[in-house]
Amino acid sequence: MGDLQEKLNEVKSNESFLEKIKRWIPGYDGYVNRDNSRELDTMLRNKLAEMLEVNKTVIKNVTLNLSKNGKLFQTADIEKIDKKNETVIGKLKSASRGYSGAFDVKKIKEAELNKIYEFDTCLLSDVTKINKMFEELQTMSDANNDISINIKQISSTQDYILKMFDEREMLLKN
C-alpha cells in the first residue's frame, strides 16, 4: 500500500498549479486519487505483460531446437505453455481496472484499489520467476538436454498466476 501511496504522491508533485487548486474542491481529490490509482495499476499490468512477451521468442527458439534435434513430439508441450503464456498476457492487459460508475450500487473505494494494486505488485515476482524459468528452458534446449521438467514447472507457475487472477476478479466482485 505504501508503494501505491508513494507513486500517487509523485503524481501529485508533478501536477500543474491549476490541478493543485482543483484538489481543494470537495470530493475532487478522492476522485483524482482513485483515477490515478487505476491508471498506475494499468501501467503495472501492462509492464508485466511486456515482460511476458519476451517469452514468445524463447518458445520459438526452443521449438526450433526441438525440431533440429528430432524431438518433435515435445513441441505439443511447448504449444501448451505458449497458449498459457498468451492467456496470462491477455488477462494482464484486459483485467478490470476496479472502476465503479456514479450510479453503480457497489462502489470501489481507495482501500480496495490499494489491495488490487498490491495484488498486481505481487505478480511481479511471479512474472520474474517465470521469465527465469523460460531462460533456463532455452539453455536446456540449446544444450539438447531433457526439458520436460522445465515445461512442467513453467506450466504449474502459469496455472498459479491464472488462479490468482480468478481470485483478483472475485476481490473486485465482492
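It should be emphasised that the depicted structure is a prediction, and the values quoted were computed from it without experimental measurement.
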Qualifying salt bridge (charged side-chain N to carboxylate O under 4.0 Å, His left out) pairs with a residue from residues 133-159, counting only residues at least two apart or across chains:
Lys84-Asp159

Could you walk me through whether Gln138 and Thr57 pass the side-chain contact (heavy atoms from CB on, under 4.5 Å) check?
CA-CA 10 Å; Gln138 171 132 15; Thr57 304; 6.0 Å; no

Determine whether a donor-acceptor pair (N or O, by modelled atom type, separation under 3.5 Å) exists between the side chain of Ser141 and the backbone of Leu137.
no

Output every pair passing salt bridge (charged side-chain N to carboxylate O under 4.0 Å, His left out) with a member in residues 46-59, not counting sequence neighbours, ordered by first then second residue.
Glu53-Lys56, Glu53-Lys93, Lys56-Glu86

Quick one: pull up CG in Leu72 and CG in Leu66 and give me the separation to the nearest 0.5 Å.
8.0 Å

In this structure, are over 12 heavy atoms from other groups packed under 6.0 Å from Leu162 atom CG?
yes

Distance, nearest 0.5 Å, that separates CG of Asn85 from CG of Leu52:
5.5 Å

With Thr139 via side-chain contact (heavy atoms from CB on, under 4.5 Å) - residues at least two apart:
none

Atom pair CD1/CG of Ile78 and Asn150 - distance to nearest 0.5 Å
9.0 Å

Sequence neighbours excluded, which residues qualify as side chain to side chain donor-acceptor pair (under 3.5 Å) partners of Lys83?
none

Residue pair Gln158 / Val88: nearest heavy atoms and the distance that separates them
O-CG2, 4.3 Å

side-chain contact (heavy atoms from CB on, under 4.5 Å) involving Leu64 - partner list, sequence neighbours excluded:
Lys68

Return the minimal non-hydrogen interatomic distance between Ser94 and Gly90, and the atom names on each side.
OG-O, 2.7 Å

Under 3.5 Å, side-chain donor or acceptor atoms of residues 127-134 against the rest of the protein: list the pairs with distances, not counting sequence neighbours.
{"residue": "Thr128", "atom": "OG1", "partner": "Leu124", "partner atom": "O", "Å": "2.8"}
{"residue": "Asn131", "atom": "OD1", "partner": "Asn55", "partner atom": "ND2", "Å": "2.8"}
{"residue": "Asn131", "atom": "ND2", "partner": "Met51", "partner atom": "O", "Å": "3.1"}

Would you say Asn69's side chain and Asn65's backbone share a donor-acceptor pair under 3.5 angstrom?
yes

Search all heavy atoms of Leu92 against all heavy atoms of Ala49 and return the closest pair with its distance.
CD1-N, 3.7 Å

Can you get from Val54 to Ile59 by hopping between Ile, Leu, Val, Met, Phe, Trp and Tyr side chains that sit under 4.5 Å apart?
no

What distance separates Leu48 CG from Leu123 CG, expressed to the nearest 0.5 Å?
6.5 Å

Would you indicate whether the side-chain heavy atoms of Asp77 and Ile81 approach each other to under 4.5 Å?
no

